Amino acid sequence: MDTRGAPEHHHVTPVLQARGIVKHFGAVKALNGVDFTVNPGEVVALIGDNGAGKSTLVNVLTGVIPHDEGEMIFDGEVVHFSSPQDARDHGIETVYQDLAIAPHLDAVANIFLGREKRMGGIAGFFGFLDNKGMTEETIENLHRLNVRVPQLGRRLVTLSGGQRQGVAVARAVMWASKIVFMDEPTAALGVAQTQSVLHLIKEVRNTGTPVVFISHNMPNVFEVADRIVVLRLGEVVAELDPKTATIDDAVSAMTGSSRKIASAGGR
Amino acid sequence: MASQPEQAKHEEKPKRSLTSVLANSFTLVILAIIVLVFTALKGTTFLSLTNFNNILVDTSQLLLLTIGVTFVIITAGIDLSISSILILSAVVAAKVMIRYSGTYEQTSNYEFPTQNIGIPLGLLAGVLVGILCGITNGLIITKLQLPPFIVTLGTLGVYLGFAQLLTGGTTVAGVPPAIQNDIGLRNLWPAGFLGVNFRLIPPMVIAFVIAGISAVVLSRTRFGRYTYAIGSNAAAARRVGINVDWHLLKIYTVSGLLAGIAGIFDLMRFGTASVGTHQADNLAAISAAVIGGTSLFGGLGTIGGSVIGAFIPVVLRNGLVITGVQSFWQNVAVGVVLIVAVWLDQRRRKAEERI
């Protein structure tokens, strides 16, 4: 499954295809001609050492920062995301490294934050919220996605870190119609909570929505990924198949200690 | 983490309302204790409809300031300038009122032939000054990205300075007496209605109506939701596409507007605009909001709590005057209540929260 060359017409149409993405921060070249493809219904793990450009790539793909060169093809069309809002409007949701939730609000308020449902008629005109409708819709969607968020009515500040991350993941999953990006979603979690997030990732993939999963944790990556893309110093240095490659292969590709093994891995 | 969402919803609902009751109960208990003590000491002199009425009237101005600053503090901001906005609004309203109520000779002789134009114009000017001051605060905070504490500490001085410059540091008197007699102190309660004599004056009515509207806006509308979200995590609010700066501009404008209304209330009730009084009202309002359960770190607070918080200093002063104790004790008592209230609130939250 070569995804680094020209568009492959004999495969399924990729949901997102980025080609030759370059991003400079002053003199530093954070991304140096990165090709990256996301296919329907797959979990792509994006791995790399600190400073390899993982977060920069995700930020470019989700409209947080603009890129300098290269093009992005989304659903068969060339797109330019000028803001995260823009990417969200295309059905791309992101779960951030630092939890992007409002801890003083409850799960429903967080899930609908910025997308509140208003009541009908004159009350809606004055901004009155349809809390009942939002709660029902949340329950319905979470049920459909088989996501379990405990205690919908409680302020998140009273929940554990894992439960809060569950809400952040649920929010992304509920709104993402095309792709979910997860930037180190398990970094702050314990073992059991990490397992439930990994489970959630598989559930999301099973609904057909692809997931791009960034992590430092190799066992997690190998457990959940269908394909592993390795970044090093702003370049894609390898694509590995977790079924055949080993954690050692991934680590050598990340650190650049053996490029031969790395580039052989995924082909 | 394994319960069904449906179940969770039903389990949690009563718990949630219990916590919100607990959040305000401490302030209510304090208020009840204060009332009980003064009732024990002075009986019906304190606990009477007339005195309750006086307390309501006296609370209206502080209530407006407290509501405005509650919105601000929930966004994790602060507005120190409200006391100066109040003073500047009252001064500008008085000046405009006098200027347009007759010629210089006429108004100097306490004749106000055109007061039907002058009074509404003055009141409007006072409210506009409040809005403008609020917008200025909001623009500086959001455009220059400066901490609200610094910005409003600066404008606290600027607005007071303008008021002093306009008046030469003296009290503005000589406004048309109609502002008091026909508007500010007009009793809307029909004499002997329901068998009681009650003083229902416009400033009090307006203040409590605004409190009611604010409570609904904060708890039930998207405006309120964004206010909490920004105070809870401004970065998260930005990421979901909320225009945080625009919302903050609105919040500081509301705070300025309410301070402006409190300013014209001063004129309506007392017939003068003084630069010397009200200078500590900003801290009184912030104290009232905090006593009422608003967190200075943002994301927490209710209008109901702030209303109770605003009553505490007024009831204390009223009771101390009636019992013949020096009313300066009010400052001591409010200070102690503030510290104890926040301490107990913090302990309760630490037990409940996991951050």
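Keep in mind the model is a prediction, meaning the values are calculated, not measured. So that the names make sense, note that chain A is the first sequence line, chain B the second, and so on, each numbered from 1.
- Evaluated for a side chain to side chain contact (heavy atoms under 4.5 Å, CB included) with B:Thr70, the options B:Ile73, B:Ile74, B:Val72 yield exactly one hit, B:Ile74.
- With B:Thr253 contributing its side chain and B:Ile131 its backbone, the two residues share no donor-acceptor pair below 3.5 Å.
- Options A:Ser83, A:Gly114, A:Gly124 differ in how many heavy-atom pairs under 4.5 Å they form with chain B, and the most are formed by A:Gly114.
- A donor-acceptor contact shorter than 3.5 Å links the side chain of B:Gln145 to the backbone of B:Thr142.
- In this structure, A:Arg154 contributes its side chain and A:Asp106 its backbone to no donor-acceptor pair below 3.5 Å.
- Among the residues in residues 215-232 of chain B, those with a non-hydrogen atom closer than 4.5 angstrom to a non-hydrogen atom of chain A are B:Val216, B:Arg220, B:Thr221, B:Arg222, B:Arg225, B:Tyr226, B:Tyr228, B:Ala229, B:Ser232.
- Comparing A:Arg118, A:Gln85, A:Glu116, A:Arg115 by how many heavy-atom pairs each has under 4.5 Å with chain B, the most go to A:Glu116.
- Looking at A:Asp68, its side chain does come within 3.5 Å of a backbone N or O of A:His24 through a donor-acceptor pair.
- A cation-pi arrangement is absent between B:Lys250 and B:Tyr252 under the rule of less than 6.0 angstrom and at most 45 degrees off the ring axis.
- Residues B:Ile135 and B:Leu249 come closest through the heavy atom pair O-CD1, 3.6 Å.
- With a 4.5 Å cut-off on non-hydrogen atoms, A:Asn131 touches chain B through its side chain but not through its backbone.
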